[in-house]
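To keep things clear, I will list the structure first and then write my remarks on it.
Keep in mind the model is a prediction, meaning the values are calculated, not measured.
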Amino acid sequence: MNKTFNLLFFIKKNKIRTNGTAPIYLRITIDGKAADIAVKRYIEPQKWDGKAHKALGNSQEARTFNVYLKTLEQQVYDSHYVMLKEDNIITAVGLKSKLLGTDISTRMLIPIFQDYNDNNRSGFCSRNIGTI
């Protein structure tokens, strides 16, 4: 039951865009199994601190960028806590789905009506409406 859990922000230097920026990814590792999530933010590689896993500098742009990364990190920890509380099996892929919201199954309208009709077979005719 003792699981290792780690988060890592990194840039993919092999996917540099034409404007010179690289995408940032978040890697969730649990018991040696990893899952990557695109952060949907881009940064110039020379402005990235690989050891501290954040943007370099003290500019407003760098501070805002780092706050965004901290917020995302906190969302991962919150999702991890919820999974622990619900006694779910925690895997990197499971945590990624929880974070992205793909773990929730959606119900379509026809099955919802079918469930309602199956559970309420008595219908309207069996109700005692009374006489007018």
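A single hydrophobic cluster is not seen to contain both Leu26 and Val82; linkage of ILVMFWY side chains at heavy-atom distances under 4.5 Å, directly or through other members, places them apart. Cluster membership for Leu100 and Val93, using ILVMFWY side-chain heavy atoms within less than 4.5 angstrom, is not shared. Hydrophobic clustering keeps Val76 apart from Leu8 (ILVMFWY residues linked when any side-chain heavy atoms are closer than 4.5 Å, directly or through intermediates). Hydrophobic clustering (side-chain heavy atoms under 4.5 Å, transitive across Ile, Leu, Val, Met, Phe, Trp, Tyr) keeps Phe9 apart from Leu56. Both Met83 and Leu72 sit in one connected hydrophobic cluster of ILVMFWY residues. Membership requires side-chain heavy atoms under 4.5 Å apart, directly or through other members.
With contacts defined as side-chain heavy-atom distances shorter than 4.5 Å, the pair Lys96/Leu99 does not qualify.
Counting heavy atoms of neighbouring residues, nucleotides and ligands inside a 6.0 Å radius, atom NZ of Lys13 does not exceed 12 of them. For CD of Glu73, the number of neighbouring non-hydrogen atoms (other residues, nucleotides, ligands) closer than 6.0 Å is greater than 12.
Within the structure, every pair that satisfies the ring pair (Phe, Tyr, Trp, His ring centres under 6.0 Å) test and touches residues 61-99, not counting sequence neighbours, is listed here: Phe5-Tyr77, Phe5-His80.
Nearest heavy atom pair, residue Lys54 against residue Leu69, reads CA-CD1, 4.4 Å. Taking all atoms of both residues into account, the shortest heavy-atom contact from Pro23 to Lys15 is CD-O, 3.4 Å. Taking every heavy atom of both residues into account, Asn58 and Arg63 meet most closely at O-NH1, 2.9 Å. Considering every non-hydrogen atom in both Gly20 and Pro45, the closest pair reads O-CD, 3.3 Å.
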Side-chain atoms of residues 32-44: list all donor-acceptor pairs with protein atoms under 3.5 Å, sequence neighbours left out, distances to 0.1 Å.
from  : atom 1 : to    : atom 2 : distance (Å)
Asp36 : OD1    : Arg27 : NE     : 2.8
Asp36 : OD2    : Arg27 : NH2    : 3.2
Glu44 : OE1    : Gln46 : NE2    : 2.9

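Of the options Ile24, Thr21, Ile16, a side-chain contact (heavy atoms from CB on, under 4.5 Å) to Ile11 is made by Ile24 and by none of the others.
Distance check, rounded to the nearest 0.5 Å: CD1 of Ile30 to CD1 of Ile28 gives 7.0 Å. Atom NZ of Lys98 is separated from atom CD1 of Ile90 by 10.5 Å, given to the nearest 0.5 angstrom.
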Test log, rule side-chain hydrogen bond (donor to acceptor under 3.5 Å, both in side chains), inputs Ser79 and Gln75
CA-CA 6 Å; Ser79 296; Gln75 289 175 349; over 6 Å; no

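Formation of a donor-acceptor pair under 3.5 Å by the Asn66 side chain with backbone atoms of Ala55 is found in this model.
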